[in-house]
Number of protein chains: 2
Amino acid sequence: MKFSTRSRYGLRAILDIAINGKDKPASINAIAERQDISEKYLEQLMPKLKRAGFIESVRGTYGGYVLAKSPEDISVGEVLRVLEGPLAPVRCIVEKEDKRCGRWNKCVTKFIWAEIKDKIEEAVDSITLKTLVEIYKKKDAEKGYMYYI
Amino acid sequence: MKFSTRSRYGLRAILDIAINGKDKPASINAIAERQDISEKYLEQLMPKLKRAGFIESVRGTYGGYVLAKSPEDISVGEVLRVLEGPLAPVRCIVEKEDKRCGRWNKCVTKFIWAEIKDKIEEAVDSITLKTLVEIYKKKDAEKGYMYYI
DNA sequence: TAAAATCCTACTAAAAAAATAGGAATTACG
DNA sequence: CGTAATTCCTATTTTTTTAGTAGGATTTTA
């Protein structure tokens, strides 16, 4: 019941872009260095975020990534779903009828799984990148040192 | 971000014991058959539930497992924690200070992880085996067929 | 034309999860 | 007493998933 590094890295990467990619695009190289993530691994996450419409890429020298929407229009939930798949604690509650297991109709535990899913979504869908950037800036000012992500 | 089969099987097993282990102990063999779980795999989960004080074992012929507490005193959350470990979506938020990563002090994403953890716990700690058994019985009566778990 | 970047996709390594295996100890019952 | 049914213990293997690495093609700026 853990998020993979894929999700953790990906979320930090897009937050990094939200913060550092405003004037000029943020390159994989720069993000990887700031976030201490393997460059090549990060490189594989970016297309997911791009295809989902969160970021745009700029190729060539001085290229990199910028947000494709404003931070308040990107929720943490959306990002995590793209990186991790549906935020359900078990597969069956998000699968189509024909792929459910034979005990579905008679299953009691499914009610718990569904409730957990709802709660998780409550948490992640109510917070956007904007909120996180604001926390970042506030802490930054308070403490007088660069805040990472 | 999925529960392992360990957790799913284990929860179903203890529910099975709550329902079927009232008159006589429920044996691994019988639970495995009802729940369609590998007997040998299940065998490895039971000691965890036993050590945690949820069930008691009866050895020998006609042996098996019975609940060690009443169902209303066993929450789903407790059971899942025993089987799965802390219900945190990332490790760092439940680790001791000295095991945290170097960016802890400056981390923004930790606030989300903590919130997700709280929400998950809200869901699982508020429901006990008693509730699930009641759902089971209600459905059972309604529909006129044995309900599994 | 050279350097810095994204893009694409295949491969490998490591870790975790799931399942299997086999025998020791305990107990009820004929 | 002996046998069958059971828990108990722990090691091994298999499978799946995750994480990381590699290398070259394409694009763009200066």
Side-chain angles (χ1 to χ4, degrees), chain A residues 1-14 16-17 20-21 24-52 54-68 80 83-85 89-91 101, chain B residues 1-14 16-17 20-21 24-33 35-52 54-68 80 83-86 89-91 101:
Chain A
M1 201 45 183
K2 296 274 179 284
F3 281 112
S4 58
T5 64
R6 196 166 60 252
S7 298
R8 294 186 283 114
Y9 289 179
L11 183 58
R12 273 160 60 198
I14 199 172
D16 188 292
I17 295 167
N20 299 300
K24 51 175 189 339
S27 72
I28 287 181
N29 177 271
I31 300 171
E33 182 143 3
R34 277 191 294 265
Q35 298 300 326
D36 193 23
I37 296 173
S38 147
E39 209 173 316
K40 277 297 198 178
Y41 191 44
L42 189 55
E43 195 181 313
Q44 294 172 66
L45 306 184
M46 305 314 276
K48 291 180 198 287
L49 298 173
K50 189 182 169 185
R51 259 182 276 121
F54 300 138
I55 57 176
E56 275 167 7
S57 64
V58 181
R59 299 186 70 172
T61 309
Y62 300 113
Y65 297 92
V66 294
L67 288 192
L80 290 177
L83 295 165
E84 192 80 18
V90 298
R91 202 155 298 174
C101 84
Chain B
M1 198 50 181
K2 297 274 179 283
F3 281 111
S4 59
T5 64
R6 195 165 63 248
S7 296
R8 293 186 284 115
Y9 289 180
L11 183 58
R12 273 159 60 197
I14 199 172
D16 189 292
I17 294 166
N20 301 112
K24 50 174 190 340
S27 73
I28 286 181
N29 178 271
I31 300 171
E33 182 142 2
Q35 299 300 326
D36 191 26
I37 294 172
S38 148
E39 210 173 316
K40 277 298 198 179
Y41 191 45
L42 188 54
E43 197 180 313
Q44 295 171 68
L45 306 185
M46 306 314 276
K48 291 180 198 285
L49 298 173
K50 188 180 169 188
R51 260 181 277 120
F54 300 136
I55 58 178
E56 274 167 8
S57 64
V58 182
R59 300 186 69 170
T61 310
Y62 299 111
Y65 297 91
V66 294
L67 288 192
L80 290 177
L83 296 164
E84 191 79 20
V90 298
R91 199 155 299 172
C101 83

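Naming: A, B, ... by sequence-line order, numbering from 1 per chain. Bear in mind that the values here come from a model prediction, so they are computed numbers and not experimental data.
Residues that satisfy the salt bridge (Lys or Arg N to Asp or Glu O under 4.0 Å) test with B/K48, not counting sequence neighbours, are absent from this structure. Scored by the side chain to side chain donor-acceptor pair (under 3.5 Å) test, A/D36 finds no partners at all (sequence neighbours excluded). Legend: residues meeting side chain to side chain contact (heavy atoms under 4.5 Å, CB included) with A/Y62, ordered by chain and number and at least two apart, are absent. Partners of B/T61 by side chain to side chain donor-acceptor pair (under 3.5 Å), not counting sequence neighbours: none found. Taking the side chain to side chain contact (heavy atoms under 4.5 Å, CB included) definition, one finds that B/A52 meets it with B/F54, B/V82, sequence neighbours left out. Residues passing the salt bridge (Lys or Arg N to Asp or Glu O under 4.0 Å) test with A/E56: none are found, sequence neighbours excluded. With sequence neighbours excluded, the residues satisfying salt bridge (Lys or Arg N to Asp or Glu O under 4.0 Å) with B/E43 are B/K40. Partners of B/S57 by side chain to side chain donor-acceptor pair (under 3.5 Å), not counting sequence neighbours, listed by chain and number: B/K50.
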>> Output one letter per nucleotide in nucleotides 24-30 of chain D: B when a protein non-hydrogen atom lies under 4.0 Å from the base, S when only the sugar-phosphate is that close, - when neither is.
In response: B-BBBBS
>> Can you build the contact string for nucleotides 15-20 of chain D? Use B for base contact, S for sugar-phosphate-only contact, and - for no protein heavy atom under 4.0 Å.
In response: ----SB
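In this structure, B/N29 atom CG and D/dA4 atom C1' are separated by 13 Å, rounded to whole Å. For the pair B/E56 CD and D/dC8 P, the interatomic distance rounds to 11 Å; values are reported in whole Å.
When side chains are defined from C-beta on, A/L42 does not count as touching A/Q35, because their heavy atoms never get closer than 4.5 Å. For the pair A/L11 and A/F3, the minimum side-chain heavy-atom distance is 4.5 Å or more. Side-chain contact between A/Y65 and A/I28 is present, with at least one heavy-atom pair separated by less than 4.5 Å.
Of all heavy-atom pairs between B/G63 and B/S27, the closest is O-CB, 3.9 Å. The two residues B/I37 and B/R12 come nearest to each other via the heavy atoms CG1-NH2, 4.1 Å.
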> How is the base pairing of DNA chain D summarised as a dot-bracket string, given the Watson-Crick and G-U wobble criteria with both distances under 3.5 Å, [ ] for crossing and | for another strand?
Replying inline: ||||||||||||||||||||||||||||||
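Taking every nucleotide of DNA chain C with any atom under 4.0 Å from a non-hydrogen atom of chain A, the first and last of them, 5' to 3', are C/dA3 to C/dA10.
Using a 4.0 Å heavy-atom criterion, one finds that B/K50 contacts the sugar-phosphate atoms exclusively.
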